[in-house]
Structures are given as C-alpha cells and as structure tokens.
Amino acid sequence: MPVYDYKCADHGLFYELASMDDSSKPAACPSCAKLSARVIMVAPEFLDMKKENRAAHARNETAMNAPVFSTPDYRAEQQARREHKHGKGCGCGDKPIRKSNLMYTAGGNKMFPSMRPWMISH
C-alpha cells in the first residue's frame, strides 16, 4: 500500500498508508482525529525550473497522451511554418530554425567551424 501525505489545519503534515481506492478520501489526523485532506507535494525542481524547460515537459506530456499523427494537413502546416520568413517585429510567435554549422572531417570526427579555432570538438 502506498503512503500518502495529508495536512491537518492544526497539526500540519502527516503520512498515512491507504489503498489506491481510498487515496482521494480524507484521513484522520493522528493527533486530533479531525479529517484532513490529502496534499500533493510538488518537487522543488519543478518550481525552480526555467520557463522553457517547463514548456518542454508540458509538450512531452501532451505528446505522450495525445500524439500528433502525420496527416496531409499537418504536413502542409509544418511546411508553411518552415517557409515562413521572419521579418523584424514579425510577432508570429515562431522562432526561425537555426542551421547547425556542424561539419565532419575526413576521419569522421565532428567539427564546428567557429571563431575559436583552438577549441577541440568531441
């Protein structure tokens, strides 16, 4: 049986074993026996996360539960987005796709031509 967190208004947090069927029901506080609601603890990493990372997690969660299927309409929409030219102050919300400067040497090693020729790529 899993352990759930509950919070009493007078005595604070406490933990109780409960079956999954009873997980949404309130539990009696061990100190005062008053029924207390279950609380869902959020990991601090999610609270301190950058906005971009939080959006990526939400996008992945959506993709897991409601995948996008490649249809002719979807492909046409994606093609239109790729062909869209972003002018100054465009305001469309889409960011232009950046091309990578990645190149491969004759030996198959990666090389990023940059303004730092002393850097060793890996």
Side-chain angles (χ1 to χ4, degrees):
M1 257 194 291
V3 176
Y4 294 105
D5 301 328
Y6 296 90
K7 186 172 184 179
C8 175
D10 299 327
H11 300 102
L13 281 175
F14 65 94
Y15 314 99
E16 283 291 323
L17 283 171
S19 67
M20 294 177 96
D21 294 335
D22 296 337
S23 65
S24 61
K25 296 177 184 172
C29 174
S31 301
C32 64
K34 189 187 330 180
L35 288 179
S36 304
R38 180 175 165 215
V39 293
I40 298 175
M41 305 300 270
V42 178
E45 293 84 20
F46 284 117
L47 298 175
D48 294 337
M49 190 179 295
K50 290 185 203 174
K51 183 176 86 171
E52 296 84 12
N53 291 355
R54 192 176 297 124
H57 279 284
R59 194 169 41 251
N60 287 342
E61 186 70 25
T62 302
M64 185 175 10
N65 297 323
V68 175
F69 296 100
S70 182
T71 62
D73 293 336
Y74 178 78
R75 288 191 298 271
E77 180 183 324
Q78 294 301 312
Q79 184 64 29
R81 283 187 178 189
R82 283 191 292 274
E83 293 172 354
H84 177 69
K85 303 294 181 206
H86 298 276
K88 186 172 183 175
C90 174
C92 71
D94 285 342
K95 294 184 178 168
I97 298 170
R98 291 179 34 194
K99 300 277 183 180
S100 173
N101 291 331
L102 174 65
M103 294 172 45
Y104 288 94
T105 63
N109 298 325
K110 292 181 183 178
M111 183 175 96
F112 295 93
S114 67
M115 295 173 54
R116 301 182 192 112
W118 61 88
M119 287 181 63
I120 298 172
S121 182
H122 54 274

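We use all heavy atoms of the structure for the numbers below, so side chains are in, but hydrogens, waters and symmetry mates are not. Since this is a predicted model, take the numbers as computed values, not measurements.
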Measuring only between side-chain heavy atoms, which start at C-beta, is [X] closer than 4.5 Å to [Y]?
{"X": "Ser36", "Y": "Pro26", "value": "no"}
{"X": "Ser31", "Y": "Cys8", "value": "no"}
{"X": "Tyr4", "Y": "Met20", "value": "yes"}

Next item on the list: Report the hydrophobic cluster partners of Leu35, with the cluster defined as I, L, V, M, F, W, Y residues connected by side-chain heavy atoms closer than 4.5 angstrom, directly or transitively.
Entry: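 Its cluster partners, ordered by chain and number, are none at all.
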Notebook entry, point to check: For Asp5, which residues count as a salt bridge (charged side-chain N to carboxylate O under 4.0 Å, His left out) partner, sequence neighbours excluded?
Noted result: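 Asp5 satisfies salt bridge (charged side-chain N to carboxylate O under 4.0 Å, His left out) with no residue once adjacent residues are dropped.
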Next item on the list: Applying side chain to side chain contact (heavy atoms under 4.5 Å, CB included), name anything that partners Lys51, two or more places apart in sequence or on another chain.
Entry: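 For Lys51 there are no side chain to side chain contact (heavy atoms under 4.5 Å, CB included) partners, ignoring immediate neighbours.
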Notebook entry, point to check: What residue pairs, at least two apart or across chains, pass salt bridge (charged side-chain N to carboxylate O under 4.0 Å, His left out) with a residue in residues 56-76?
Noted result: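 Qualifying pairs, neighbours excluded: none.
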Notebook entry, point to check: If you look at every heavy atom in His57 and Met49, which pair is closest and at what distance?
Noted result: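 Scanning both residues completely, I find the closest heavy atoms to be CD2-SD, 3.4 Å.
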Notebook entry, point to check: Which pairs with one or both residues in residues 6-21 pass side-chain hydrogen bond (donor to acceptor under 3.5 Å, both in side chains), sequence neighbours excluded?
Noted result: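 Pairs touching residues 6-21 that pass the test: Asp10-Lys34, Ser19-Asp22.
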Margin query: Give me each pair satisfying ring-ring contact (aromatic ring centres under 6.0 Å, His included) with a member in residues 16-38, each pair once, sequence neighbours excluded.
Written below: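 Sorted pair list comes back empty.
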Notebook entry, point to check: OG/Ser24 to CZ/Arg38 distance, rounded to the nearest 0.5 angstrom?
Noted result: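 Answer for the OG-CZ pair, Ser24 versus Arg38, is 8.0 Å.
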